[in-house]
Number of protein chains: 2
Amino acid sequence: MSAPRSARDRVRAEVRGEILAAARARLAQEGAAALSLRSIARDLDMAPSALYRYFDGRDAILSALILEAYTSLADQAEAAAAGAAGWSVVPGAMRDWALAHPHEWGLIFGSPVPGYRAPEETVVPYARVAGALVRPIAAAHRDGRLRATETDTDTDAARSPALDAALAPVHDALLPGVPGPTVQRALEAWCTLVGAISLEVFGHWRNTVLDPALFFDCTVETLGAQIGVVA
Amino acid sequence: MSAPRSARDRVRAEVRGEILAAARARLAQEGAAALSLRSIARDLDMAPSALYRYFDGRDAILSALILEAYTSLADQAEAAAAGAAGWSVVPGAMRDWALAHPHEWGLIFGSPVPGYRAPEETVVPYARVAGALVRPIAAAHRDGRLRATETDTDTDAARSPALDAALAPVHDALLPGVPGPTVQRALEAWCTLVGAISLEVFGHWRNTVLDPALFFDCTVETLGAQIGVVA
DNA sequence: GTCTATAAACCGATAGAC
DNA sequence: GTCTATCGGTTTATAGAC
């Protein structure tokens, strides 16, 4: 956020970046659980105790890594949304990011590290990803291009006020003014995207889905049709 | 599978079971990464070295635990499918199992443990879960109750032979004779279910979906409508 | 089959010299 | 700010007595 003022601050930020880079490399090889302060220090040819000048300890490094992962994904999602229009842009960017950073994806959407609480600041970048994803939906609704789908009318009758209440936070924060069924479709799409990407990244498609990229693209297209946002 | 013959084999199997039970309890409290052979031995009031008579080492215990998790999920899914008809039965059983065994769910669908290969025998119980899930779809198709949906006809035109080829393993093994779009819908539903359950179990619904159970039920209902299998 | 004892690592965190 | 040295803890795995 704030630019480093003094030269000392600048070199300090640089060292911090190098520590995080080493930690990121370790993460890719050994996973989050095995990430140790000592191994990072070894990679940097530093004494383990020296790292304490830059981070409060091992957990602080992991927290920074997690926050960095969230921010990186959010950046990629927003850049994709800003660069091109269309419903499928952000899902594709999410998958690309996950395939390029599988361990970071695991940090966000995989099993939580036990006894460890994710930093609260992840809420903001998490919302940025969701915001970029639903932007085409909101735009379509604003332009009157949002099409009511068969599923919507099917489930409309059965819709309970309780469900509306349960999804109120998402409705208000992400898609204000948009019909309730559309919000539900969008949240279901979020589940589908996270599930599809996780299943692929975590290696569950072996001998099952022979062309994951094609399947993903078709799935995204299906989701768009079910939401009613035209391509 | 084969019943233990001698009394020695029987007590041996019993001790193995106790070791796995202790490991399961540890897993539930500390997660997979922190599961250590020594902690298991401590819980059983045994010397750590004694466990080597029953398992080759820590990784072997983890492997057994993973296989056990797959089998447990498959048992629950099949029991649910056998006990009641309807599309929503198996998804609900999967979610119930995941909420009751969050760490085991993470073992199956979470970030894979790096440097560790899941046992090959997990393929069978994994297929059992999928088989139980799609059973109502196959039954509906057999009885002519499978309804063509709007999404199917929408995407039918754009369907490529490449996609059919990519999904051929699933098509042949799980839903032979069923239309291609239905197979695609089923696989998309698998992604949605895994995604929805993972997001809930891994704690991503905080301040987002206020009633996860209700949202899940509605999502399952939506998926059934989109597949065209009547409730 | 179970134990004690031990080898050979690893870890986080801190104290204090420079 | 970086180092050495160290404390106190953890782990897997093995050797050998009983």
Side-chain angles (χ1 to χ4, degrees), chain A residues 4-66 113-119, chain B residues 4-66 103 113-117 119:
Chain A
R5 318 217 170 203
S6 70
R8 216 183 72 174
D9 280 356
R10 202 158 50 238
V11 67
R12 199 185 140 77
E14 194 173 316
V15 176
R16 261 186 76 101
E18 287 171 12
I19 293 173
L20 283 181
R24 216 177 303 126
R26 276 277 160 188
L27 172 74
Q29 289 169 350
E30 310 175 6
L35 193 150
S36 75
L37 186 142
R38 295 183 94 103
S39 65
I40 299 169
R42 247 189 323 259
D43 292 346
L44 292 169
D45 278 314
M46 287 174 73
S49 56
L51 299 190
Y52 283 87
R53 295 281 163 183
Y54 300 93
F55 291 95
D56 276 343
R58 191 232 136 178
D59 282 7
I61 298 181
L62 183 56
S63 289
L65 226 48
I66 292 178
V113 184
Y116 176 79
R117 255 181 62 84
Chain B
R5 318 221 172 199
S6 70
R8 214 182 73 173
D9 281 355
R10 203 159 48 237
V11 68
R12 199 184 141 77
E14 194 172 315
V15 175
R16 262 185 75 103
E18 287 171 11
I19 293 173
L20 284 181
R24 216 178 305 125
R26 277 276 161 190
L27 173 73
Q29 289 171 348
E30 310 175 7
L35 193 149
S36 74
L37 187 140
R38 292 185 90 99
S39 65
I40 299 168
R42 253 191 314 263
D43 292 345
L44 293 169
D45 279 313
M46 288 174 73
S49 55
L51 300 189
Y52 284 89
R53 295 279 162 184
Y54 299 92
F55 290 95
D56 277 342
R58 191 232 140 182
D59 282 6
I61 298 181
L62 183 57
S63 289
L65 227 48
I66 292 178
H103 288 91
V113 185
Y116 177 79
R117 256 182 60 85

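Letters A, B, ... are given to chains in the order of the sequence lines, protein chains preceding strands, and every chain is numbered from 1. Keep in mind it's a predicted model, so treat the numbers as computed, not measured. The figures here come from the full heavy-atom set of this structure, side chains too, leaving out hydrogens, waters and symmetry mates.
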Regarding B:Arg38, tell me which of base, sugar-phosphate or nothing describes its non-hydrogen contacts under 4.0 Å with the strands shown. base
Distance-minimising heavy-atom pair for B:Ser63 and B:Pro119: O-CG, 3.8 Å
Pull out every residue in residues 17-28 of chain B that has a heavy atom closer than 4.0 Å to any atom of DNA chain C, ordered by number, or say none. none
Show the nearest heavy-atom pair for residues B:Pro48 and B:Leu37, with the distance to one decimal. O-CD2, 3.4 Å
At a heavy-atom distance below 4.0 Å, which nucleotide of DNA chain D is the first touched by chain B, and which is the last? D:dT11 to D:dA15
Any donor-acceptor pair under 3.5 Å linking the side chain of A:Arg24 with the backbone of A:Leu65? no
Closest approach of B:Ile61 to B:Ala23 (non-hydrogen atoms, all atoms of both residues): CG2-CB, 3.9 Å
Residues at least two apart in sequence or cross-chain that pass salt bridge (charged side-chain N to carboxylate O under 4.0 Å, His left out) with A:Asp43, listed by chain then number, are A:Arg26
Side chains of B:Phe55 and B:Ile40 in contact at under 4.5 Å (non-hydrogen atoms): no
According to salt bridge (charged side-chain N to carboxylate O under 4.0 Å, His left out), who are the partners of A:Arg58, at least two apart in sequence or on a separate chain? none
Can you name the closest pair of heavy atoms from B:Arg12 and B:Arg53 and give their distance? NH1-O, 3.0 Å
Per the under-4.0 Å heavy-atom filter, residues of residues 40-55 of chain B near DNA chain C come out as B:Asp45, B:Met46, B:Ala47, B:Ser49, B:Ala50, B:Arg53, B:Tyr54
Any donor-acceptor pair under 3.5 Å from A:Tyr54 side chain to A:Gly17 backbone: no
Apply salt bridge (charged side-chain N to carboxylate O under 4.0 Å, His left out) to A:Arg8 and list each qualifying residue two or more places apart in sequence or on a separate chain. none
